[in-house]
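Side chains are part of it too, since the values below use all heavy atoms of this structure and drop only hydrogens, waters and symmetry mates. Residue numbers begin at 1 in each chain, while the letters A, B, ... track the order of the sequences. Everything numeric in this text was worked out from a predicted model, so none of it was measured.
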Amino acid sequence: AQSVTQPDIHITVSEGASLELRCNYSYGATPYLFWYVQSPGQGLQLLLKYFSGDTLVQGIKGFEAEFKRSQSSFNLRKPSVHWSDAAEYFCAVGESGGYNKLIFGAGTRLAVHP
Amino acid sequence: DAGVTQSPTHLIKTRGQQVTLRCSPKSGHDTVSWYQQALGQEPQFIFQYYEEEERQRGNFPDRFSGHQFPNYSSELNVNALLLGDSALYLCASSSTSGGVAGTQYFGPGTRLLVL
C-alpha cells in the first residue's frame, strides 16, 4: 500500500536560514509526488510536483524538491526562509497513470524566528 | 480565472442532521475529489467524481455520498452526522486526460462543526 512519511512534526528555523523538509514514500512504481502548503484554517496550495523527467523540480515561492528513487525520498528545500513561509507543509503521493488519489504525510509544521 | 470555490465557508450542525457541501472546480477541470481533514491531521481521501460518476472511494462509510453535475460542479452529502465528522472538508479539482487524472488544486475548504 502507498504511504508517506514526514519524519519531522515541527521544525523551527531563523529567517534567512536554509530549510529542508523530509519526505519518504512507499509505492510500487514511480509515483506522482507533490508538496502542498497550508496556512491555518486555509486550503492547500500546490508548491511543486514531480511526475517524471528531471529529478530536481522547481516550484513557487523559491522552493525546490529532489526526487531520489534509491532513497524513496522527495525532500523540499529553500535556500533562504522568509517569515511568511511559516505554515504546515504536506508531502503527498498520487497513483501514477491512474486516478491520482492523494495519500498525504502527517505534515511538518514550520515556525520561523525573526 | 477563478480557482476552486467551495460553499459555505463554515457550518454548524447537530448530531443526526444531514449536510450538503458544494464545490465548483477550476475552469477547464472536469474531475472533483473530496478530502476530510480533521483538526491537526492530514487530509484523507473521501471519493472522486468524473463524468458524473464516483470512480474511486476511500475508507468512508455510506453516510458520505456525492454527486457531480453536468457543469462539473459537485456536492458532498453527509447523513446522520456524528461528532467525529467535525472537520475541514476540502474539494480538489483536476483534469482527466486519457483516463489519467492530473494535478489536484484545492479550494479553501468548508469547516463543519457537529455539536
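A:Asp85 and A:Lys61 are not joined by a salt bridge, as no carboxylate oxygen comes within less than 4.0 angstrom of a charged side-chain nitrogen. Using a 4.0 Å cut-off between a side-chain N of Lys or Arg and a carboxylate O of Asp or Glu, A:Glu66 and A:Arg77 qualify as a salt bridge.
Under a 3.5 Å cut-off, the side chain of A:Glu15 and the backbone N or O of A:His82 do not form any donor-acceptor pair. Of the possible donor and acceptor atoms, one in the side chain of B:Arg63 sits under 3.5 Å from a partner among the backbone N and O of B:Ala80.
Interface remark: of the candidates B:Thr31, B:Thr103, B:Leu88, B:Thr103 forms the most heavy-atom pairs closer than 4.5 Å to chain A. For chain B, the option among A:Lys101, A:Arg109, A:Lys49 with the highest count of heavy-atom pairs below 4.5 Å is A:Lys101. Highest contact tally toward chain A, considering only B:Gln37, B:Gln44, B:Arg55, B:Gln41, is held by B:Arg55 [criterion: heavy-atom pairs under 4.5 Å].
With a threshold of 4.5 angstrom between heavy atoms, B:Tyr50 does not approach chain A through any atom at all. In this structure, chain B has a heavy atom under 4.5 Å from the side chain of A:Gln38, while its backbone stays farther away. Of the atoms belonging to A:Leu44, heavy atoms from both backbone and side chain fall under 4.5 Å from chain B. Using a 4.5 Å cut-off between heavy atoms, B:Gln48 touches chain A through its side chain atoms alone. Residue B:Ser33: no heavy atom, backbone or side chain, is found under 4.5 Å from chain A. Heavy-atom distances place no part of B:Gln6 under 4.5 Å from chain A, backbone and side chain included.
In this structure, B:Phe47 has its ring center no closer than 6.0 Å to that of B:Phe45.
Counting non-hydrogen atoms of other residues, nucleotides and ligands closer than 6.0 Å to CG of B:Asn71 gives a total above 12.
Each of A:Phe34, A:Phe104, A:Phe63 was scored for a ring-ring contact (aromatic ring centres under 6.0 Å, His included) with A:Tyr89, with one residue passing: A:Phe63.
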